[in-house]
Amino acid sequence: MRTQYAANTQARAFGRKRWSLLHVGSGVMEGAMRSDAKIRGESGTESSPRGPGCSLRHFACEQNLLSRPDGSASFLQGDTSVLAGVYGPAEVKVSKEIFNKATLEVILRPKIGLPGVAEKSRERLIRNTCEAVVLGTLHPRTSITVVLQVISDAGSLLACCLNAACMALVDAGVPMRSLFCGVTCALDSDGTLMLDPTAKQEKEARAVLTFALDSVERKLLMSTTKGLYSDAELQQCLAAAQAASQHVFRFYRESLQRRYSKS
Amino acid sequence: MSVLEQVALYLETASPGPGLCRRREKDAETWEYCSILNTRLFATRTVEPLEYYRRFLKENCRPDGRELGEFRTTTVNIGSISTADGSALVKLGNTTVICGIKAEFAAPPTDAPDKGYVVPNVDLPPLCSSRFRSGPPGEEAQVASQFIADVIENSQIIQKEDLCISPGKLAWVLYCDLICLDYDGNILDACTFALLAALKNVQLPEVTISEETALAEVNLKKKSFLNIRTHPVATSFAVFDDTLLIVDPTGEEEHLATGTLTVVMDEEGKLCCLHKPGGSGLTGAKLQDCMSRAVTRHKEVKKLMDEVVKSMKPK
């Protein structure tokens with residue numbers, strides 16, 4: 001399984017090969033969106049010049065790469081990479097079944113070591129986000145399992161997990177009322193906002209906020225934060241995240257259009 | 001017509017309308033109205049719990065007589081466990097959480113030789129609710145433990161450097177055990193408050209390292225309180241039907257809610273944690289309302305804390 005998605009030049013070199021893969025059923029899409037991912041909100045009356053740290057990193061997504069799960073996706077954001085697999089709707093244990101909805105389960109495996117309490121907490125966040133979006137009532141007494149494996153962690157891990165989970169659910173054909181995406185914001189000591197921070201930026205930041213937003217109305221589905229920040233800063237980060245999510249959703253749409261259109 | 005339909009019709013026609021739930025005369029009248037609704041709709045409560053709740057929410061009140069933005073009665077009791085270095089018992093309505101803090105010695109971490117440890121652990125035993133089984137901690141307990149660890153880390157409630165006795169050699173480690181004795185919803189608020197109260201109650205003895213033997217000498221007669229820098233207070237909300245926000249949900253309300261949100265705020269209005277584990281979406285405006293409610297709740301809790309600490313002072 002390919003894990004190396006380098007610069008655009010490589011993509012062009014493999015161009016032919018990738019298109020042929022597209023025919024077989026695995027969709028590959030490069031999100032070379034760095035240049036136009038600059039957030040428009042900043043060009044308003046705020047005068048502080050935001051540097052290139054405000055744009056989202058290069059992201060890429062590959063779907064249907066695993067043969068066993070009903071749906072799978074690999075999502076890359078810069079150097080952070082997460083692989084997701086979805087099994088479902090499938091049979092559920094009687095102790096876990098819900099009479100009128102599907103039971104959603106999320107398993108998150110870290111890159112090294114055994115899953116601990118932090119993973120459990122993240123699993124709960126991802127599961128509740130998926131539950132808000134998946135139309136579970138269409139498949140009562142079944143189970144939908146999302147398995148996430150962290151391939152590499154270079155900052156914004158939870159957001160990458162959310163994106164991978166969404167793409168995998170779409171690949172599996174699970175009915176959803178909207179798509180969702182994860183965006184991370186970091187605030188450093190003088191209040192500058194950075195979107196999609198790297199691991200180094202996260203460590204030096206005063207606060208790191210991760211949001212999950214839905215695609216229909218950009219409402220806040222999930223939020224988890226680290227560090228101290230004020231109410232005004234929260235609103236600012238939320239607005240920036242909502243603007244950034246547009247780019248992610250556009251990427252989803254183009255990726256799926258490419259996959260399902262006849263070339 | 002079935003019995004339920006007849007009851008519903010009676011209530012629709014006989015309902016006095018919004019005038020009854022006026023805020024000023026709230027206590028007596030809302031309580032009476034709620035108790036009337038309670039007795040008439042006792043069947044609906046078990047058969048259709050969501051419909052039952054919607055009837056109350058339409059009149060901007062809840063089955064236990066509270067308004068949508070009202071907290072349950074909060075009581076706190078400090079210093080009840082004599083064998084612990086600090087303890088507190090918090091009751092939020094029926095939800096009861098007890099926190100006990102024990103201080104022990106440990107070697108400081110190698111990457112931070114001038115820091116001590118604060119290790120929280122939330123335990124949800126089968127005693128508190130029938131949904132928990134005995135055995136290793138379930139998901140709810142682990143999530144709560146992680147939440148409390150995050151609050152301690154983010155709010156800098158104690159400077160970990162204060163816990164260091166001798167850099168690189170000896171430091172205090174505070175084991176904070178939070179045990180839920182009765183689970184009726186809103187466990188995170190109760191745990192945060194119990195932790196804060198217990199930390200204010202902790203008294204650490206003075207420790208000196210003697211030069212000759214290089215051993216620690218503990219002077220139990222001289223004890224000092226911890227330096228609590230901030231006072232984080234958690235406020236939890238439940239989201240109903242994607243639009244309505246209610247404060248301090250009970251166990252039943254949590255079960256019926258479509259989402260939850262917890263805001264942890266300290267006294268300067270800074271947020272330590274915005275914990276929204278999925279659930280229905282919220283707009284920025286709704287978040288603002290939550291923030292303002294969190295600010296008022298902080299004042300209430302701070303007042304309660306000061307009263308308790310004042311009552312403990314004469315020793």
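The analysis underlying the following values was restricted to heavy atoms, covering all of them including side chains, and did not include hydrogens, waters or symmetry mates. Sequence lines set the chain letters: A, B, ... in the order given, protein chains first and strands last, and positions in each chain run from 1.
B/Q288 touches chain A through backbone and side chain together, each having a heavy atom under 4.5 Å away. Contact annotation for A/L221: both backbone and side-chain heavy atoms come within less than 4.5 Å of a heavy atom of chain B. Neither the backbone nor the side chain of A/R177 comes within less than 4.5 Å of any heavy atom in chain B. Neither the backbone nor the side chain of A/I126 comes within less than 4.5 Å of any heavy atom in chain B. Only the side chain of A/R127 has a heavy atom closer than 4.5 Å to any heavy atom of chain B. Of the atoms belonging to A/A118, heavy atoms from both backbone and side chain fall under 4.5 Å from chain B.
The shortest non-hydrogen separation linking A/R124 to B/P277 is CG-CB, 4.5 Å. For B/C272 against A/L228, the heavy-atom pair with the smallest separation is SG-CD2, 3.9 Å. Considering every non-hydrogen atom in both B/L271 and A/D231, the closest pair reads CD1-CA, 4.1 Å. In terms of heavy atoms, B/Q142 sits closest to A/G116 at OE1-O, 4.3 Å. What you find for A/Q235 and B/L287 is that their closest heavy atoms are NE2-CB, 4.3 Å. Between B/S280 and A/A132, the shortest heavy-atom distance links the atoms N-CB, 4.3 Å.
When the candidates B/E140, B/Q146, B/E268, B/H275 are compared by the number of heavy-atom contacts under 4.5 Å with chain A, B/Q146 comes out ahead.
Atom CG of B/L274 is separated from atom CE of A/M222 by 10.5 Å, given to the nearest 0.5 angstrom. Atom NZ in B/K276 sits 8.0 Å away from atom OG1 in A/T129 (nearest 0.5 Å).
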